[in-house]
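We use all heavy atoms of the structure for the numbers below, so side chains are in, but hydrogens, waters and symmetry mates are not.
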Amino acid sequence: MGVVQARPGPHLDDAGYLGVALSGGADKKEAFERLLRENKLGYLALLRNLRNMAQAGVDEALVRDAIVARRGAGRVFPFRYVAAARAAPRFEPHLDQALLAAIGEMPKLAGKTVVLIDVSGSMDWAMSGKSDMKRIDAAAALGAVVNADLRLFTFSNQVVEVPPRRGMAGVDAIVRSQPHGGTALGAAVSHINRIQHDRLIVITDEQSSDRVPDPVARHAYMINVASNLNGVGYGRWTPKSTASRRGCFGSSTSSSRRTD
């Protein structure tokens, strides 16, 4: 895992970037600890470098405090916390604490919300050719941060209701809810259409082995976590970018706080 540059800002020293400091021969442990003590490491860079810090023997108290402080975390996507926990498991309790705090700051969606998450075999693929993050981890992270009167389901060959837990516990519950097999998205949407709800959020890679019916919910979103668009989220589905603009996943994915 490569070293990520520190976040530029008014308090950066002459070296400017972590990558520059390390390439200049600085001791990794010393460089990381200095940046942490001086609050010069951006939050995304912090999450991306947790494995490097653990391997360098950085003071764990400094790392823990920086994770929990969440300085600059407002624009960090939920799946980044999961990726960081996968890379550096020893810090998962602190990452979970930070993620739960972020969820607590999100606006609550009005009405009754159903989240339907794809856990089929294709969701175990990487999000893109340049990513080591799985689609299912990104989808589970999004499902575990929705702040609403919520019912949570996964689908593969069948539809399974999952306890609507938050944070890392929610991610694990989603990922482990059922075997990762086929992609019966159409049958899953038909099942959800029989449940009373105001909003449906489907998180998927938009592959389906059957025809996908129109949703009955007034607000229905198809969120694609894959790098390609497979074209099943058309018709009455709201455009994919609108869910984040309307605050379905909180301020970490949008500057808007609208909650239609």
### Message
Checking side chain to side chain contact (heavy atoms under 4.5 Å, CB included) between T154 and each of V159, V162, I203, which is the one that passes?
### Response
V162

### Task
Say whether V216 and V114 are linked into one hydrophobic cluster, either directly or through other cluster members, by side-chain heavy-atom distances under 4.5 angstrom.
no

### Task
Group every Ile, Leu, Val, Met, Phe, Trp and Tyr by side-chain heavy-atom contacts under 4.5 Å, then state whether L36 and V68 land in the same group.
no

Check for a donor-acceptor pair, side chain of [X] on one end and backbone N or O of [Y] on the other, with a separation under 3.5 Å.
X	Y	result
D198	G111	no
R199	A110	yes
T204	E206	yes
S120	H180	no
E33	D59	yes
Q178	Q158	yes
N193	P215	no
D210	A187	yes
N49	N52	no

Looking only at heavy atoms, which two atoms of [X] and [Y] are closest? And how far apart?
X	Y	result
L50	A88	CB-CB, 3.7 Å
R211	P213	O-CD, 3.5 Å
M133	A83	SD-CB, 3.5 Å
K28	A56	CB-CB, 4.0 Å

### Query
Going by the angle between their ring planes, with limits at 30° and 60°, are Y81 and Y43 parallel, tilted or perpendicular?
tilted

### Query
Parallel under 30°, tilted from 30 to 60°, perpendicular over 60°: which one fits the rings of F77 and F79?
tilted

### Query
Do NZ/NE/NH1/NH2 and the carboxylate oxygens of E105 and R70 come within less than 4.0 Å?
yes

